[in-house]
Amino acid sequence: MLALRKFALLIGAISISSFSFAQSMGISGTVYSGDDNAPIIGAVVSLVGSNTGTTTDLDGKYSLDATHQDSLKFSFIGYNPQTIAVGTQTVINVTL
């Protein structure tokens with residue numbers, strides 16, 4: 001009985017740690033133009049492999065929720081897109 005209880009506690013601990021690792025967090029930043037380092041208005045920031053995304057505001061700023069495992073794709077017409085892994089970053093600034 002004691003072994004079963006320890007096993008149940010172990011499974012619970014693994015489940016909780018897996019869940020907390022996959023939790024989403026707020027990511028924000030600014031997208032700049034490589035031509036003149038000006039903020040890009042309306043750049044698209046999306047989670048790779050999903051339909052989730054946003055666009056930058058009048059100051060080139062964006063924010064969205066992502067997990068540590070996610071990658072963000074930054075794109076705007078006339079610029080080469082970039083893909084950046086989130087990892088432990090909560091602020092990701094990009095120059096296209």
When the side chains of residues 42-55 are checked against the rest of the protein, which donor-acceptor pairs come out under 3.5 Å, sequence neighbours left out?
residue : atom : partner : partner atom : Å
Ser50   : OG   : Leu47   : O            : 3.2
Ser50   : OG   : Thr52   : N            : 3.1

Item to check | Residues Ser33 and Tyr79: side-chain donor-acceptor under 3.5 angstrom | outcome: yes
Item to check | Residues in ring pair (Phe, Tyr, Trp, His ring centres under 6.0 Å) contact with Tyr32, at least two apart in sequence or another chain | outcome: none
Next on the checklist: Could you tell me if the side chain of Ile41 sits less than 4.5 Å from the side chain of Asp57, heavy atoms only?
Outcome noted: no
Checklist entry - Between the side chain of Asp59 and the main-chain N/O of Lys61, is any donor-acceptor distance below 3.5 Å? => result no
Checklist entry - Any side-chain heavy atom of Met25 sitting closer than 4.5 Å to one from His68? => result yes
Can you list, pair by pair, the side-chain donor-acceptor contacts under 3.5 Å of residues 83-96, counting residues two or more places apart and other chains?
residue : atom : partner : partner atom : Å
Gln89   : NE2  : Ala85   : O            : 3.1
Gln89   : NE2  : Val86   : O            : 3.3
Asn93   : OD1  : Thr30   : N            : 2.8

Checklist entry - Taking atom OG1 of Thr56 and atom CZ of Phe74, what is their separation to the nearest 0.5 Å? => result 10.5 Å
